[in-house]
Amino acid sequence: MTMSKSALIFGASGVTGWAFVNEILNDYPKNGVWGKVHALTNRPLKQSDSLWSNDSRLNIVSGIDLLKGTQEDLEAALGVIDGIKEVTHVYYLAYKASSDLDQEYKDAEAMFRRSTTAMDHLSPKLEFVVLQTGAKMYGCHLLENHPTDYIHVPLKESLPRLKSPYAEMLFYHPQLDWITAYAKDKSWNWCDTRPDIIIGFVPNQNFYSLATSIGVFLSLYAEVEGKGATCPYPGSKTAWVAKSIDSSSDMIARQTLHLSLTLPKSSKGEGFNVADSKDPSTWETKWPALCSYFGLKGTPPPAEGEPNEVRTYIKKHLDTWNDMEKKYGLKTGIADSELTFKGFEYFLLTQFDFDRQYDMTKMYGTGFSEERSTSEAWGGVFDRMKAAKIIPS
């Protein structure tokens, strides 16, 4: 097989985008598949900061605003990328968070529509487009309001869509409706992938990166309380026992690359759950595994009183963290960045207190077989955070 495939990744410095570029440069699924990868990032990213290998196949393109100007303007901006006409695979992982949900909804639909239309126009060799959606398809973000009458665990791709009043607020729906109609008579294939909470490494700071927050929290906890200290789970008793399957960015990338290289045309437009294993787990087993990486003993949430909350603890001990930055030569400004979405750790570790495990039968029925443990998935991310000088090694 010649190096015939060329990937373009929208949102390449995000928590999943980073892993897609990394897996392609590491020749997943095998040597000789990928001849080129275009990594599109909104904010500037230097190769030296990215932790991607210095590979001649990598082309980092920063600063293209997917919402700026007309459709023609966007196509002109993308059109100057060297090799754009050779792109075979497009992975759409871009996301623009906004506290104005109406604006976020409009932006999400427009960004995806404009980007995909542009690539359809620019690349005659286009074979496959992936839209990454997520667990919001099943209403997980609605917390105590999540529907249990028509959506139930294990969460399966064939479940019905969210109904009103929640359907109208979910931007995945207009994205999916648009591409279903647009791609109907196109020669290229497409699918959507649905990770749960994404565990991954980000070189740039990110709105939602649970692994970054927990890596900082546990490094700081070990510094303040000492190695060997007990570290109670920083969330609720109900979240402690809730079942789910982690979606680590490496596995999302591998499963998605596998789908985009193997799915037959008869599966055009189907959705796939993407996650680390076939069987669910809970924080009861995950938290001790995470803590042990940092030399701590992970224990259940306290029987009495309030648990430590990740963000509150980091803020309380920010002076210690600032000292650690100097002591260990760490990157500055990451522990309590303005870019971090306020309160998301509480949301994920306390309010996600219901079973939301995926049914992974469909994904593992495509010929994909790899599974990863908590220690493999999170440990790999923490290793990269050390290499990037985000946490002490």
Side-chain angles (χ1 to χ4, degrees), residues 9-18 39-45 61-71 73-74 77-78 90-118 130-143 145-146 161-162 164-179 192-200 202-213 247 249 252 310-311 333-334 336-352:
I9 294 156
F10 289 104
S13 62
V15 70
T16 39
W18 186 91
L40 269 67
T41 71
N42 188 17
R43 286 179 287 152
L45 179 64
V61 182
S62 295
I64 294 181
D65 185 340
L66 302 178
L67 291 167
K68 194 175 171 190
T70 63
Q71 181 66 33
D73 293 336
L74 178 60
L78 290 167
V90 169
Y91 302 97
Y92 186 84
L93 316 165
Y95 167 60
K96 188 180 180 198
S98 172
S99 50
D100 177 345
L101 293 181
D102 279 345
Q103 194 59 48
E104 185 175 84
Y105 182 99
K106 288 182 187 131
D107 288 349
E109 190 278 331
M111 282 164 64
F112 177 60
R113 172 172 42 81
R114 286 162 56 96
S115 306
T116 307
T117 303
V130 173
L131 169 65
Q132 182 170 285
T133 61
K136 287 182 180 177
M137 288 292 286
Y138 306 118
C140 292
H141 60 303
L142 301 171
L143 305 178
N145 296 319
H146 72 281
R161 276 188 178 186
L162 281 182
S164 194
Y166 306 115
E168 294 80 358
M169 299 186 281
L170 185 59
F171 57 71
Y172 299 151
H173 292 169
Q175 288 177 325
L176 289 165
D177 292 343
W178 174 79
I179 193 173
D192 83 275
T193 53
R194 305 172 184 183
D196 192 359
I197 293 167
I198 299 165
I199 310 306
V202 272
N204 273 349
Q205 294 163 35
N206 180 281
F207 274 99
Y208 305 101
S209 176
L210 187 62
T212 303
S213 291
S247 297
S249 56
I252 297 167
V310 167
R311 190 55 40 195
I334 287 182
D336 196 37
S337 164
E338 279 306 305
L339 287 173
T340 303
F341 191 80
K342 301 294 174 272
F344 90 98
E345 300 97 348
Y346 178 80
F347 182 82
L348 297 180
L349 298 173
T350 292
Q351 294 180 295
F352 265 41

S.K.: May I ask you to decide whether Arg114 forms a salt bridge with Asp65, counting only side-chain N to carboxylate O separations under 4.0 Å?
M.R.: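 No, Arg114 and Asp65 are not salt-bridged.
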S.K.: Looking only at side-chain N and O atoms, does Arg194 offer a donor or acceptor that is under 3.5 Å from a partner on Tyr138?
M.R.: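 Present: a donor and an acceptor within the cut-off.
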S.K.: Test of understanding: with side chain to side chain donor-acceptor pair (under 3.5 Å), list the residues that count as partners of Thr133, not counting sequence neighbours.
M.R.: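 So Thr133 forms a side chain to side chain donor-acceptor pair (under 3.5 Å) with Asp192.
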S.K.: With a 4.5 Å heavy-atom cut-off, do Ile64 and Leu74 have their side chains touching?
M.R.: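 Yes, at least one pair of side-chain atoms sits under 4.5 Å.
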S.K.: Might you point out which heavy atoms bring Glu109 and Pro174 nearest each other, and give the distance in Å?
M.R.: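 Where Glu109 meets Pro174 most closely, the heavy atoms are CG-CB, 3.7 Å.
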S.K.: Any side-chain to backbone donor/acceptor pair from Thr70 onto Asp73? Under 3.5 Å, distance only.
M.R.: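 Confirmed, Thr70 side chain pairs with Asp73 backbone.
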S.K.: Determine whether more than 12 heavy atoms belonging to other residues, nucleotides or ligands lie under 6.0 Å from atom OH of Tyr105.
M.R.: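 Check passes, neighbour count above 12.
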S.K.: Can you check side chain to side chain contact (heavy atoms under 4.5 Å, CB included) on Leu101 and Met169, steps first, answer last?
M.R.: CA-CA 8 Å; Leu101 293 181; Met169 299 186 281; 5.8 Å; no
S.K.: Side chain to side chain contact (heavy atoms under 4.5 Å, CB included) for Phe344 and Ile197? Distances and angles first, verdict last.
M.R.: CA-CA 11 Å; Phe344 90 98; Ile197 293 167; over 6 Å; no
S.K.: When rounded to the nearest 0.5 angstrom, what is the spacing between CG in Leu40 and OG in Ser115?
M.R.: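 Reported to 0.5 Å precision, the distance equals 8.5 Å.
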S.K.: Do the side chains of Leu162 and Leu142 get nearer than 4.5 Å, heavy atoms only?
M.R.: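 In contact.
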S.K.: Under a 4.5 Å cut-off applied to non-hydrogen side-chain atoms, are Leu93 and Trp18 in contact?
M.R.: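 Leu93 does not reach Trp18 side chain to side chain.
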S.K.: Is Arg161 close to Leu176 at the side-chain level, that is, under 4.5 Å between some pair of heavy atoms?
M.R.: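 Touching, per the 4.5 Å side-chain cut-off.
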S.K.: Kindly write out the residues that satisfy side chain to side chain donor-acceptor pair (under 3.5 Å) with Gln175, not counting sequence neighbours, or none if the list is empty.
M.R.: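 Per chain and number, Gln175 pairs via side chain to side chain donor-acceptor pair (under 3.5 Å) with no residue.
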S.K.: Ser249: what forms a side chain to side chain donor-acceptor pair (under 3.5 Å) with it, not counting sequence neighbours?
M.R.: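 For Ser249, no residue satisfies side chain to side chain donor-acceptor pair (under 3.5 Å) once neighbours in sequence are set aside.
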S.K.: So Phe347 and Leu143, do their side chains get closer than 4.5 Å, heavy atoms only?
M.R.: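 Side chain of Leu143 against side chain of Phe347, heavy atoms only: contact under 4.5 Å found.
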S.K.: What I'd like to find out is whether the side chain of Thr212 reaches to under 4.5 Å of the side chain of Ile334, using heavy atoms alone.
M.R.: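 Contact flag for Thr212/Ile334 side chains = yes.
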S.K.: Let me confirm one number: the CG-OG distance from Asn42 to Ser62, rounded to the nearest 0.5 Å.
M.R.: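 OG of Ser62 is found 8.5 Å from CG of Asn42.
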S.K.: Are Phe10 and Tyr91 close enough that their ring centers fall under 6.0 Å?
M.R.: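 Not under 6.0 Å, so no.
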S.K.: Determine, stepwise, if the pair Ser213 / Glu345 fulfils side chain to side chain donor-acceptor pair (under 3.5 Å).
M.R.: CA-CA 8 Å; Ser213 291; Glu345 300 97 348; 2.7 Å; yes
S.K.: Regarding Gln132 and Tyr95, is there a side-chain donor-to-acceptor distance under 3.5 Å anywhere?
M.R.: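 Looking only at side-chain atoms, Tyr95 and Gln132 do not form any donor-acceptor pair under 3.5 Å.
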S.K.: Could you report the tightest heavy-atom contact between Ser13 and Leu45, atom names first, then the distance?
M.R.: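 Where Ser13 meets Leu45 most closely, the heavy atoms are CB-CD2, 3.9 Å.
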S.K.: List the atom of Ala211, the atom of Gly200, and the distance in Å for their closest heavy-atom pair.
M.R.: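 Taking every non-hydrogen atom into account, CB-O, 3.7 Å.
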S.K.: Heavy atoms only: give me the nearest His146-Gly139 pair and the separation to one decimal.
M.R.: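 Minimum heavy-atom separation between His146 and Gly139: CB-O, 3.2 Å.
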S.K.: For a quick test of reading the model, state the closest non-hydrogen atom pair linking Pro195 to Thr193 and the distance between them.
M.R.: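 Looking at all heavy atoms of both residues, the shortest contact is CD-O, 3.5 Å.
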S.K.: Determine, stepwise, if the pair Tyr166 / His141 fulfils side chain to side chain contact (heavy atoms under 4.5 Å, CB included).
M.R.: CA-CA 10 Å; Tyr166 306 115; His141 60 303; 5.7 Å; no
S.K.: Checking Ile252 against Ile198 for the side chain to side chain contact (heavy atoms under 4.5 Å, CB included) test, could you report, in this order, the C-alpha distance in whole Å, the side-chain angles of both residues, the deciding distance, and whether it holds?
M.R.: CA-CA 9 Å; Ile252 297 167; Ile198 299 165; 3.8 Å; yes
S.K.: List the atom of Glu104, the atom of Ala97, and the distance in Å for their closest heavy-atom pair.
M.R.: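 The answer is OE2-CA, 3.4 Å.
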S.K.: Taking C-beta and beyond as the side chain, do Tyr346 and Val310 meet within less than 4.5 Å on heavy atoms?
M.R.: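 Tyr346 does not reach Val310 side chain to side chain.
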S.K.: Out of Leu67, Asp102, Asp100, which one pairs with Asp107 under the side-chain contact (heavy atoms from CB on, under 4.5 Å) rule?
M.R.: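 Looking at Leu67, Asp102, Asp100, the match for Asp107 under the side-chain contact (heavy atoms from CB on, under 4.5 Å) is Leu67.
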